[in-house]
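Here, residue 1 is the first one in the sequence, and each next residue gets the next number.
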Amino acid sequence: MTHTQSNPETRQFCFDPEALHMDLMLRAPRQLGFSDGVDLERWSDELRAKLTELLRMPVHPGTSARPVLLGEAQDCGDYLRQRLVFTAEPGADVPCTLLLPKGKEGPLPVMICLQGHTTGAHISLGEAKYEGDENSLGGDRDFALQAVRRGFAALAMEQRAFGERHDHRPEDHRRTGDLARNDDNRTCKHPAMTALLVGRTLLGERVFDVIRACDAIEEIATLDADRIYIMGQSGGGTVGWYASAVEPRLKASMLASFFGTVAGTIGAIDHCTDNYLPDMLTWLDFPDIAGAMRGTKILVVMGRLDPLFPHASVLEASDHVARIFKAQGREQDFALAVGEGGHRFYADLAWPKFLAMI
């Protein structure tokens with residue numbers, strides 16, 4: 001059979017998979033995306049159910065999180081510090097540090113503190129534990145100290161694949177040397193990939209840990225389960241955003257360095273593997289997730305010069321969320337705070353706004 005070929009001088013070839021994927025992302029149906037006139041209650045319920053499906057979280061065991069306080073509380077001057085561990089699921093215990101403000105009567109409001117792609121929860125405590133931690137201690141990342149000094153019980157929670165929960169495989173099973181040191185994905189890439197092999201996502205597992213943290217808080221008499229809040233930056237902000245959509249016990253969230261549309265952020269710029277949900281854009285875009293939040297107040301904190309989350313995409317997503325909250329009759333429950341810098345938290349800007357919201 002003879003095939004007629006187009007003029008090779010005029011035919012344009014496309015060899016770039018990224019160009020194809022971007023076109024597909026822009027044209028993805030987003031079947032549960034927000035639109036004016038939608039039945040809000042039904043849409044919110046369907047969105048939450050689909051989001052839960054996409055996250056592929058572990059099945060809740062329906063049992064106690066078995067929180068245990070270890071050792072004696074350490075007196076740190078204006079607060080007490082104690083190690084706490086709870087069980088998320090069989091084989092997944094969650095190490096935390098609990099800070100309690102001195103001179104405050106309980107039960108106390110609780111701030112769950114989530115770091116992003118640093119070396120672990122100790123950054124929330126303002127501590128350097130590993131080589132290079134000094135680079136992560138700036139940018140107002142000592143979340144737990146900030147919270148406890150504002151009267152919250154602060155729960156600095158270790159997320160899966162970070163800190164004490166990092167990759168413990170033998171060294172010869174991991175990428176080593178300069179290649180690993182220059183790879184921000186190095187502690188979460190492999191667990192994110194293997195989670196997919198067993199029908200899960202690492203993002204969903206981390207969100208599930210927040211749900212189980214709320215279970216644990218309910219079992220500790222000094223903590224007020226009716227006043228649970230969450231703060232996080234970068235990857236911690238992402239987890240907090242999803243958790244706020246599926247966990248109604250989170251009364252308010254203060255989340256930084258994570259926000260924008262998919263096509264404008266993780267779809268266009270290299271991000272860590274654990275930020276991606278298979279088939280997400282068939283159903284929804286990142287700001288649509290706000291529609292699943294049942295009464296949670298949201299403060300988004302971004303840097304105008306953040307290279308990972310371009311400001312135009314942030315504003316587009318912010319406008320979308322504002323439309324959703326206005327339609328739901330709670331436009332006062334969403335705010336955007338913008339610092340004049342890059343990928344970091346902005347404590348002096350964020351805390352007054354957050355405290356006014358709650």
Parallel under 30°, tilted from 30 to 60°, perpendicular over 60°: which one fits the rings of W241 and F258?
tilted
Quick one: does [X]'s side chain get under 4.5 Å of [Y]'s, heavy atoms only?
X    : Y    : answer
L299 : L255 : no
L114 : Q159 : yes
Y346 : E340 : no
L250 : C214 : yes
K326 : F334 : no
V239 : V207 : yes
T296 : I230 : no
V300 : L336 : yes

Using a strict cut-off of less than 4.0 Å between a Lys/Arg side-chain nitrogen and an Asp/Glu carboxylate oxygen, indicate whether [X] and [Y] qualify as a salt bridge.
X    : Y    : answer
D274 : R206 : yes
D224 : K251 : no
D215 : R249 : yes

Roughly how far, to the nearest 0.5 Å, is [atom2] of [Y] from [atom1] of [X]?
X    : Y    : atom1 : atom2 : result
I289 : L54  : CD1   : CG    : 9.0 Å
L98  : L108 : CG    : CG    : 9.0 Å
I324 : S44  : CD1   : OG    : 9.5 Å
D226 : E218 : CG    : CD    : 8.5 Å
S318 : M302 : OG    : CE    : 10.5 Å
D333 : M293 : CG    : CE    : 11.5 Å

Atom of [X], atom of [Y] and distance for their closest heavy-atom approach:
X    : Y    : answer
M357 : I298 : CE-O, 3.4 Å
A121 : E158 : N-OE1, 2.7 Å
L70  : Q82  : O-CG, 3.6 Å
A290 : R330 : O-NH2, 4.3 Å
S234 : G116 : CB-CA, 4.3 Å
P61  : R212 : CG-NH2, 3.6 Å

All pairs passing side chain to side chain donor-acceptor pair (under 3.5 Å) where residues 256-268 contributes a residue, at least two apart:
Q233-S257, T261-S313
Restricting to pairs with a member in residues 91-102, which pass side chain to side chain donor-acceptor pair (under 3.5 Å), not counting sequence neighbours?
D75-K102, T87-D93
Kindly write out the residues that satisfy ring pair (Phe, Tyr, Trp, His ring centres under 6.0 Å) with [X], not counting sequence neighbours, or none if the list is empty.
X    : result
W43  : F34
H166 : H168
Y130 : H122

Can I get a per-line list of side-chain donor-acceptor pairs under 3.5 Å for residues 305-312, giving both atom names and the distance, sequence neighbours left out?
residue: D306; atom: OD1; partner: L308; partner atom: N; Å: 2.9
residue: D306; atom: OD1; partner: H343; partner atom: ND1; Å: 3.2
residue: D306; atom: OD2; partner: H343; partner atom: ND1; Å: 2.7
residue: H311; atom: NE2; partner: R304; partner atom: NH1; Å: 3.4

Taking salt bridge (charged side-chain N to carboxylate O under 4.0 Å, His left out) as the cut-off, I'd like each qualifying pair that reaches into [range], sequence neighbours left out, listed once.
range            : answer
residues 135-153 : D78-R149, D140-R344
residues 285-295 : R30-D285
residues 124-136 : R81-E127

Taking [Y] as the starting point, is it possible to reach [X] by hopping between hydrophobic residues whose side chains are less than 4.5 Å apart?
X    : Y    : answer
M157 : V110 : yes
L203 : M231 : no
I269 : L281 : yes
V210 : I358 : no
L69  : V94  : yes

Is the number of heavy atoms from other residues, nucleotides or ligands under 6.0 Å of D270 CG greater than 12?
no
If you count every heavy atom of other residues, nucleotides or ligands that lies below 6.0 Å from R66 atom CZ, does the total exceed 12?
no
Could you walk me through whether R48 and T52 pass the side chain to side chain donor-acceptor pair (under 3.5 Å) test, one step at a time?
CA-CA 6 Å; R48 193 178 308 112; T52 301; over 6 Å; no
Measure from the side-chain N and O atoms of R227 to the backbone N and O of P107, and report whether any donor-acceptor pair falls under 3.5 Å.
yes
Is the backbone N or O of A65 less than 3.5 Å from a side-chain atom of E219, with the two atoms forming a donor-acceptor pair by type?
yes
Close aromatic pair by centroid cut-off 6.0 Å: Y242 and F208
no
Decide side chain to side chain contact (heavy atoms under 4.5 Å, CB included) for F162 and T187; before the verdict, give the C-alpha distance in whole Å, the side-chain angles of both, and the deciding distance to 0.1 Å.
CA-CA 7 Å; F162 296 145; T187 64; 3.6 Å; yes
Side chain to side chain contact (heavy atoms under 4.5 Å, CB included) between V68 and L84, intermediate numbers included
CA-CA 6 Å; V68 56; L84 182 150; over 6 Å; no
Name all residues meeting the salt bridge (charged side-chain N to carboxylate O under 4.0 Å, His left out) criterion together with E46; count only those two or more places apart in sequence or in a different chain, and write none if there are none.
R42
Passes side chain to side chain contact (heavy atoms under 4.5 Å, CB included), V148 versus L80? Steps please.
CA-CA 9 Å; V148 74; L80 300 175; over 6 Å; no
ring-ring contact (aromatic ring centres under 6.0 Å, His included) pairs, two or more places apart, involving residues 132-158:
F143-F345, F152-Y229, F152-W351
Does P278 have any side-chain contact (heavy atoms from CB on, under 4.5 Å) partners at least two apart in sequence or in another chain, and if so, which?
R56, L196, T201
When you compare the side chains of S253 and S244, does any donor N or O come within less than 3.5 Å of an acceptor on the partner?
yes
